[in-house]
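Working notes, structure below.
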Number of protein chains: 2
Amino acid sequence: MSEELVAFFKVLSDANRLKIIGLLAQQPYSVEELAALLNLKASTVSHHLSKLAKVGLVSAKTESYYNVYQLDEKALEIKSKSLFSQENLASSVANVDVDAYDNKVIKDYVKKDGSLKTIPAQRKKLEAILRYIIKSFKAGKKYTEKQVNEILSQYHEDTAYLRRELIGYKLMKREGGGGEYWREE
Amino acid sequence: MSEELVAFFKVLSDANRLKIIGLLAQQPYSVEELAALLNLKASTVSHHLSKLAKVGLVSAKTESYYNVYQLDEKALEIKSKSLFSQENLASSVANVDVDAYDNKVIKDYVKKDGSLKTIPAQRKKLEAILRYIIKSFKAGKKYTEKQVNEILSQYHEDTAYLRRELIGYKLMKREGGGGEYWREE
DNA sequence: AATCTAATTTGATATTCATCGAATTAGATT
DNA sequence: AATCTAATTCGATGAATATCAAATTAGATT
């Protein structure tokens, strides 16, 4: 899907191909004429035209000796309107592993036994670790501070710091003074 | 002018840059995060981002350690709407010599004394030669057949053929039986 | 002040691709 | 049938560029 979009942009990312589109927007031309107009060899123009044809922007009509190429203005209009549609933007990231960053950070900071080597100082890395830790809490369930500390102690001895940051980054919530905690959804 | 358009397409003709745009369309990211998400080195991502920034599609905000990049959606929308505007199509051909084909044909068929080596058999080349010859006639002036032949004889002895083709291609017009000719405008 | 960290820049490498000339193909004219 | 002509395909070459590693820069933390 996304490959198609890349291919489309690749085809248009050449000055001579853009000139061909501009010329064909005025009137149809044969390969030989385009070659003379662009100061290129016919073989080169043929090469460009085949790329343009492959994405459906131009088409050829055989006229006695000549292959007369014309612009498909409909295709151009349709393509240009949908280029950055929600659909295309989404498809471009379809194969991206959205957890790659978190996984990388977890790999760097979590030991084989599941505990943390250290608590990362960098904000974004800390966030990733906190997102990892919060999974140990069931959504909807209420925990006492003691229970919270017990779970966090699997990760690091500084449970108070982890608890505070979980709340600071709004991954966990606390009820007034009652000492009740729960995972934010 | 046209160079700008080529540059824009060049920037977008890379799969990883499109992925970056897709990702930034969802939320801002730091270079490091993008590198992890795309499975690339930070230096490579930095390189891509600088190209995207150069055409105004993304911009960076420094946040403590991080350079957090965001998509400029306005710029994206504006650009995408005007990509194939009449203006851009015209500017792409601004530097094209529209007479190049005719000149090439003339160079191939006209001797130094101004007469034709031969009359080209190919339709498109004949047209170019006829467009060249018709310049010897003043617009608006009426000519007798004898006068027409005299002018055409500078180019080739087969004046009847040239005369017929000039009329066939509607470069010249003839009044009924009266034998009056004039150049079409 | 000294040390870290993320980002950028630089240099090198490998790949992609525009261009040309030569060979081939497809069609038309004689 | 034989000969032209335009177009395409093929092979080679040189230029552009995506990528990485290493060095450098800019800022923040301790």
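Every chain is numbered from 1 and lettered A, B, ... according to where its sequence line falls, protein lines coming before strand lines. Because the structure is a prediction, the values reported are computed rather than measured.
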Is there a donor-acceptor contact under 3.5 Å linking the side chains of A:Tyr143 and A:Glu180? no

When the distance from CG of B:Leu126 to C1' of D:dT5 is rounded to whole Å, what number comes out? 15 Å

Have a look at A:Ser30 and say if it touches a base, only the backbone sugar-phosphate, or nothing, with a 4.0 Å heavy-atom cut-off. sugar-phosphate

Does CD belonging to A:Glu157 count more than 12 external heavy atoms closer than 6.0 Å? no

Residues, nucleotides or ligands: over 12 heavy atoms within 6.0 Å of B:Gln154 CD: yes

Give the rounded distance in Å between these two atoms: CD of A:Gln122 and P of C:dT5. 6 Å

Step through the shown structure and confirm whether more than 12 heavy atoms of other residues, nucleotides or ligands are within 6.0 Å of CG on B:Asp97. yes

Just the rounded figure in Å: distance from C1' of D:dA7 to CG of A:Leu34. 12 Å

From CG of B:Asn67 over to P of C:dT5, roughly how many Å is that when rounded to an integer? 17 Å

Symbol by symbol from the 5' end, with Watson-Crick or G-U pairs under 3.5 Å, [ ] crossing and | another strand, DNA chain D is ||||||||||||||||||||||||||||||

Does D:dT8 have OP1 or OP2 sitting under 4.0 Å from an N or O in the side chain of A:Tyr66? no

Using a heavy-atom cut-off of under 4.0 Å over every strand shown, decide if A:Lys125 touches base, sugar-phosphate, or nothing. sugar-phosphate

Mind telling me whether A:Tyr155 and A:Tyr132 have parallel, tilted or perpendicular rings, with 30° and 60° as the class edges? perpendicular

Indicate for each nucleotide in nucleotides 15-30 of chain D, in 5' to 3' sequence, whether protein heavy atoms under 4.0 Å reach the base (B), only the sugar-phosphate (S), or nothing (-). --SSBBBB----BS--

Looking at B:Glu33 and B:Ser30, would you say the former's side chain and the latter's main chain have a donor-acceptor pair under 3.5 Å? yes

Would you say B:Arg174 has more than 12 foreign heavy atoms packed within less than 6.0 Å of its CZ? no

B:Lys142 atom NZ: more than 12 heavy-atom contacts under 6.0 Å: yes

Reckon A:Tyr69 has a side-chain N or O less than 4.0 Å from the OP1 or OP2 of D:dT8? yes

Can you tell me if CD on B:Glu77 sees more than 12 non-hydrogen neighbours from other groups inside 6.0 Å? no

